[in-house]
Amino acid sequence: MRRRFPAPDERGSKLGDMNDLSSLPPLHQVPIALADRSYLIDIGHGLLDIPPDYALPQGSSALVVSNETVAPLYLERLKKSLAPHYRQVFSVLLPDGEAHKTWESLNLIFDALLSLGCDRKTVLFALGGGVVGDMTGFAAASFMRGVPFVQVPTTLLAQVDSSVGGKTAINHPLGKNMIGAFYQPQRVICDLQTLDTLPERELSAGLAEVIKYGPIADMAFLDWIEQNMDALRARDSGALAHAVGRSCEIKAHVVGQDERESGLRAILNFGHTFGHAIEAGMGYGVWLHGEAVGCGMVMATRLSMRLGLVNSDFLQRITTLVERAGLPVQAPVLDASDNGARYLSLMRMDKKSESGEIKFVLIDGHGQAMVRGAPDTVVSEVIAASCGL
Ligand code: NAD
Ligand code: GLY
């Protein structure tokens, strides 16, 4: 039976007419329906200027977690907005980068919480990309056995994916995102204006997670991305708003049905089995997460082709789109002496693996995804072809 994803509304076309995009109310709100853990994703321009009557989790104090790159750009503005909501607003800055998604950085959050006298009524705010968001969420899940938190994502990747759905984690040298918890934020505030300062390479990395939603769920969205890739890379505000809005709608729909990934949610990992192996194998931070996912989607599409699920035209379609997003499509060699074995051993660590059998998210070329194993010989051929060997 085919899954149905609700159709988008018309917001993308309305956005193009707006001249003054600052301090506007949310252009779009996406609800995420999870019984008593339900929340709203607000998407708009200038949302960092949170009004005093905006519904935030109640608390005695707030701790904004950010990093040394994002804080100089947006921290004071957010703290000013939070001042009418909380008696005290603190902040803590983490070192920047995937290589710092570690116990040591996580502990900096706990050090701040405890030394500042924070308590169960303290609300955490994650101001930054997916690295800050995943670590802040994990800290919120575990500090005093759980305090409320709000995601304020400032990268495209975080706005379309990581801030939504409650996956929180840190990395382990042996595997990506291996230590973490499912823990939902109470609100997600996506200020599209923050994307203005995002480096081009990071914008491209975010586009990987936007592209992902097409082949797994919505072929009309895939067509739209193809037609609007140049506008997205040029940061057209209407195109970005549509991309963030539709991505969040699809993610909310999936997470609403399978919060803890007992089945359907795994489709959101399209490209990630290969991608996580690239990240761990190269050393965290050498390839950006989105770059590894972009290349991983090409590899997963090639595997789908080898297994007879899509044809070579569809592989070419995905490869071209990933390349147009400014992302690498040739996989890196991880081990000159036995590259295939290195990929396979890293992928066996993947959270989807069962009794050592690697599970891949494969696609059918018609907007459906499935999770399946594949013979090692076929996977090795795909790795070799993807690395140009
Ligand atoms: P990131 O958090 O490292 O941010 C990318 C870079 O952009 C960083 O240097 C950051 O400081 C900088 N930055 C952030 N906002 C900026 C802005 N507005 N202007 C200028 N610079 C800015 O990386 P990311 O791509 O946002 O997130 C990747 C992480 O997200 C990975 O760890 C990945 O595992 C995780 N992730 C989690 C989920 C989930 O469901 N929880 C989903 C996808 C990815
Ligand atoms: N990014 C994959 C998920 O949230 O499940």
Side-chain angles (χ1 to χ4, degrees), residues 32 48 65-75 77-78 93-102 105 126-138 141 151-171 175-178 180-185 188 190-210 212-213 216 235 247-248 250-252 254-255 257-273 275-276 279-280 284-285 287-294 296 351-352 361 371:
I32 204 163
L48 280 184
V65 182
S66 192
N67 73 22
E68 56 209 8
T69 306
V70 178
L73 299 167
Y74 303 114
L75 178 62
R77 197 160 142 213
L78 181 61
L93 303 192
L94 308 179
D96 188 4
E98 189 71 40
H100 295 284
K101 198 176 169 185
T102 58
S105 301
L127 175 68
V131 171
V132 164
D134 281 13
M135 282 196 290
T136 307
F138 192 21
Q151 290 272 13
V152 189
T154 61
T155 63
L156 180 61
L157 186 140
Q159 294 188 354
V160 300
D161 192 356
S162 65
S163 65
V164 174
K167 279 190 180 175
T168 77
I170 56 170
N171 296 330
K176 170 95 178 145
N177 291 337
M178 280 296 158
F182 285 100
Y183 192 69
Q184 299 296 339
V188 180
C190 292
D191 185 341
L192 298 164
Q193 266 180 1
T194 60
L195 302 181
D196 291 350
T197 54
L198 199 61
E200 200 170 330
R201 188 177 167 199
E202 299 292 349
L203 187 83
S204 290
L207 288 172
E209 302 278 19
V210 176
K212 164 182 89 177
Y213 292 110
I216 63 166
R235 298 174 205 237
S247 299
C248 286
I250 295 170
K251 182 150 186 185
V254 172
V255 173
Q257 293 177 71
D258 179 22
E259 180 182 8
R260 297 175 77 91
E261 200 167 308
S262 46
L264 176 67
R265 185 167 178 168
I267 67 171
L268 298 174
N269 283 314
F270 176 51
H272 288 58
T273 315
H276 284 171
E279 286 187 84
Y284 296 118
W287 276 45
L288 300 179
H289 175 71
E291 292 171 340
V293 167
K351 291 190 282 310
K352 290 186 297 306
V361 180
V371 180

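Given the structure is predicted, the values throughout are model-derived calculations rather than measurements. Both ligands and their constituent atoms are indexed starting at 1 by order of listing. Positions are given from 1, in the same order as the sequence printed here.
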**Student:** With the side chain counted from C-beta on, respond yes when Arg265 and Val255 share a heavy-atom pair under 4.5 Å apart, and no when they do not.
**Tutor:** yes
**Student:** How many angstroms lie between CG in Leu203 and CG in Leu207, if you round to the nearest 0.5 Å?
**Tutor:** 5.0 Å
**Student:** For ligand 2, list all ligand N or O to protein N or O distances below 3.5 Å, rounded to 0.1 Å.
**Tutor:**
| unit_1 | atom_1 | unit_2 | atom_2 | d |
| --- | --- | --- | --- | --- |
| ligand 2 | 1 (N) | Asp161 | OD1 | 3.1 |
| ligand 2 | 1 (N) | Asp161 | OD2 | 3.4 |
| ligand 2 | 4 (O) | Lys251 | NZ | 2.6 |
| ligand 2 | 4 (O) | Arg265 | NH2 | 2.8 |
| ligand 2 | 5 (O) | Lys167 | NZ | 2.8 |
| ligand 2 | 5 (O) | Arg265 | NE | 2.7 |
| ligand 2 | 5 (O) | Arg265 | NH2 | 3.4 |

**Student:** Is Gln151 reaching over with its side chain to a backbone N or O of Gln159, donor-acceptor style, under 3.5 angstrom?
**Tutor:** no
**Student:** Considering residues at least two apart in sequence or located in another chain, which fulfil the side chain to side chain donor-acceptor pair (under 3.5 Å) criterion with Glu209?
**Tutor:**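 For Glu209, the residues satisfying side chain to side chain donor-acceptor pair (under 3.5 Å) (neighbours in sequence not counted) are Lys212, His272, His289.
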**Student:** Any carboxylate oxygen within less than 4.0 angstrom of a Lys/Arg side-chain nitrogen, looking at Glu291 and Arg201?
**Tutor:**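 Here Glu291 pairs with Arg201 in a salt bridge, since their nearest N and O are under 4.0 Å apart.
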**Student:** Are any non-hydrogen side-chain atoms of Leu127 and Val132 less than 4.5 angstrom apart?
**Tutor:** no
**Student:** Which residues satisfy the side chain to side chain donor-acceptor pair (under 3.5 Å) test with Glu202, sequence neighbours excluded?
**Tutor:**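 For Glu202 there are no side chain to side chain donor-acceptor pair (under 3.5 Å) partners, ignoring immediate neighbours.
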**Student:** Looking at CG of Asn177 and NZ of Lys351, how far apart are the two atoms once the value is rounded to the nearest 0.5 Å?
**Tutor:**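 One gets 5.0 Å once the value is rounded to the nearest 0.5 Å.
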**Student:** Return the protein residues near ligand 1 (heavy atom under 4.0 Å from any of its atoms), ordered by chain and residue number.
**Tutor:** Asn67, Thr69, Val70, Leu73, Tyr74, Asp96, Glu98, Lys101, Gly129, Gly130, Val131, Asp134, Thr154, Thr155, Leu157, Asp161, Ser162, Lys167, Lys176, Asn177, Thr194, Thr197, Leu198, Pro199, Glu202, Glu209, Lys251, His289
**Student:** Using 4.0 Å as the upper bound for N to carboxylate O, is an ion pair formed by Asp161 and Lys251?
**Tutor:** yes
